[in-house]
Protein chains: 2
Amino acid sequence: MARETGSRIGLLAVAKEAGVSIATVSNTLNRPDVVSAATRARVLAVIAKMDFVPNTAAASLRRGSNRLIGLVVPDISNPFYSEIARGVTAAADRHRYGVILCNSQDDPDRELDQLEMLAEHRAAGALVVPLTADNRRLSRLRSLGTHLVLIDRESPDGCSTSIDDVLGGRLAAQHLLESRDADFVLVNGSHSIPQCADRRTGARAALSAAGRDPDSLVEYEVDDMTTEAGVEIAERLLEKELPSGVFCTNDLLAIGLMRGLAHHGIAVPDRVAIVGYGDLAPAADAPIPLTTVDQPKFALGNAAVEMMLAEITEKDDTHRHSATVFRPTLVVRDSAPARKNS
Amino acid sequence: MARETGSRIGLLAVAKEAGVSIATVSNTLNRPDVVSAATRARVLAVIAKMDFVPNTAAASLRRGSNRLIGLVVPDISNPFYSEIARGVTAAADRHRYGVILCNSQDDPDRELDQLEMLAEHRAAGALVVPLTADNRRLSRLRSLGTHLVLIDRESPDGCSTSIDDVLGGRLAAQHLLESRDADFVLVNGSHSIPQCADRRTGARAALSAAGRDPDSLVEYEVDDMTTEAGVEIAERLLEKELPSGVFCTNDLLAIGLMRGLAHHGIAVPDRVAIVGYGDLAPAADAPIPLTTVDQPKFALGNAAVEMMLAEITEKDDTHRHSATVFRPTLVVRDSAPARKNS
DNA sequence: GTGAAAGCGCTAACAA
DNA sequence: TTGTTAGCGCTTTCAC
């Protein structure tokens, strides 16, 4: 950090002490192979003895870019994003990169400010998890000349790591169909959220594959995908004939629904089987452990960093943008067991 | 970010275009008050037109320190820490500082590497949330000349923001004592964790204040403060006469305990009242909403940044280290309601 | 394998 | 109020 007093030792001081030139000191640090073993050892010893800390600001001033990458998420306290952050920091550590965390709260203005800040720091690039589907924003950033990797969302003109939500929706629906041998109901968020639309598409695909009419799918749409919304859905479900299965496109909704049903004495999974989506902490800890779709969040963050680094390393004219799509998996627990058990 | 191609415009280009000197451009950016309104406006217009992005690397090379602060947490995917991170980023944004996120996984070696990295970037300082009580590590860091603010732990030789866990323990215990008019049992983590020791101290204090013998406090200690451990505690509790109240020093333990008790048909809160600690998301979402102690996590992160900035700003000989201690509050929910209701 | 030297883009005296 | 200028500490040709 800013050593207000000391920290006055730089390459020069080390060079003098070791009896070499500053170029040699720089080389032992950045291209050890180009320095003879003997000198290298001597220089390294002096560096350790003098407690020399290289100044990356100077290096990046010269080089033009910093060993820093930005991570822009809508809400770091949301476990989905914080798990991605864990993946990102792990990969960054491995490559000796620093991660600048930006919490946009999904405020476009704030996000813009933050990307501006990243640009001022000459960050090597930015990993962004966009919540809204507003592509204008993203292209504006890209036109800024930024190396951008999108997380959890594909992009036509850049790299991205995402999850196959259509597959996820299909897995969930398939499981319900197979274990109950009957139709199920879908509880979903707004279709304007690509993930929600995709999960629905997957659910419909499963219906088709099972020889059922996808248009027969009954769907409840909620504004906020929260536990409370799930509880309310229970009430609405009870107004009609109870379905034998429900696929909620997120875990909180599913947990709320289970609570709402329990309140009315409806047995899960005997009477109604429930499948969630996301496999966040509460899923396993629920009173009735939740069958859900696991998203490889950590891998998402990890891969995004690798992608970003590859994009930086490759020569600009060589680089082809690519998309890594991870496959989610079904985690079977008590709320919707494998076999039909009524 | 690293604009591989463009980004070649610097102060000089802007200065030329605006017909002023680079010093004036620098001044309009850093000390607007020293520039005449007319020139300022003109320069600003040119900056916008040319899409000039100042290079902080150059600035910090000159200044010696960067508008960057490090945040070192044991595990960013733990909601306690991610909420702190939210507070930190919010405050940092306000002051136009960037936050470098370091996930130490509580590995001392990694933590050291990360602080080294922060030093290389000439970060203005670091906010660290230490998990273990190992003070040697911390003093080593401090001796590095680093501005360090501890979060969630007091430190004799530096600034810190923390929570009064003794008070928290007292609040929880008092509530149990008053609402049940009977003794309670304590389920705690290892005493080597200062927070656990403090919460216990608070619980004992409440006992004394109520005219009871603190040494009569029955305590169960668990290694991992998880839901599973809570479930197990339920079994152990059932071996003896059931207490009328249980204070778990974290929410997960409490939730597990409730689940374990439910499994045996024990009614909460009628038969046993339960109080948790932390007020993380699962507390409110539990089947029986959990009475718990709320920790001002966001405020903790927020205050740490302010403290850090104050420490940087003040002249070194003026600065007196200080500790901000936040008061937790009791959140009363169904698992332990206010009035005795047996 | 090693050294000398030219900046990278900016800030902060100091001069005007 | 504005301009001139000397570095901040490092990387990187290019000689040796």
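Comparing dG3(D), dG1(C), dA4(C) by their nearest atom to the side chain of Ser21(A) picks out dA4(C). Closest to the side chain of Ile22(B), from the set dG3(C), dC10(D), dT11(C), is dT11(C). Taking only side-chain atoms of Ser26(B), from C-beta outward, the nucleotide of dG3(D), dT11(C), dT2(C) with the closest atom is dT11(C). Checking dG3(D), dT11(C), dG9(C) against the side-chain heavy atoms of Leu61(A) singles out dG9(C) as nearest. When each of dT2(D), dT11(D), dC8(C) is scored by its nearest atom to the side-chain atoms of Leu11(A), the top-ranked nucleotide is dT11(D).
The CG-C1' distance, from Asn66(A) to dG9(D), rounds to 14 Å in whole Å. Atom NZ of Lys16(A) is separated from atom P of dG9(D) by 12 Å (rounded to the nearest Å). The CG-C1' distance, from Asn55(B) to dC10(D), rounds to 13 Å in whole Å. We find that CG of Leu12(A) is positioned 13 Å from C1' of dG7(D), with the value rounded to whole Å. Ile9(B) places its CD1 atom 11 Å from the P atom of dG9(C), with the value rounded to the nearest Å.
Nearer the 5' end of DNA chain D, as judged by each residue's closest nucleotide, is the contact made by Arg42(B), out of Arg42(B) and Arg62(B).
If you check the side chains of Gln114(B) and Asp93(A), you find a donor sitting under 3.5 Å from an acceptor. Checked by atom type, the side-chain pair Ser104(B)/Asp106(B) shows no donor-acceptor distance below 3.5 Å. For Asp152(A) and Gln195(A), the side-chain atoms include at least one donor-acceptor pair closer than 3.5 Å.
Around atom CZ of Arg94(B), more than 12 heavy atoms belonging to other residues, nucleotides or ligands sit under 6.0 Å away. Other residues, nucleotides and ligands contribute at most 12 non-hydrogen atoms within 6.0 Å of the CZ atom of Arg96(B).
A sub-4.0 Å separation between OP1 or OP2 of dC10(D) and a side-chain N or O of Ser60(A) is absent. Thr24(B) has no side-chain polar atom (N or O) that falls below the 4.0 Å cut-off from OP1 or OP2 of dT2(D).
For the segment residues 27-37 of chain B, residues with any heavy atom less than 4.0 angstrom from an atom of DNA chain C are, sorted by number, Asn30(B).
Within the nucleic acid shown, Ala59(A) comes within 4.0 Å of sugar-phosphate atoms alone, with no base atom in reach, counting heavy atoms only. Nucleic acid contact class of Thr39(A) (heavy atoms, under 4.0 Å, all strands): sugar-phosphate only.
A salt bridge is absent between Glu120(A) and Arg67(B); no separation between the charged side-chain nitrogens and carboxylate oxygens falls under 4.0 Å.
Using modelled atom types, one side-chain atom of Ser60(B) and one backbone atom of Thr56(B) make a donor-acceptor pair closer than 3.5 Å.
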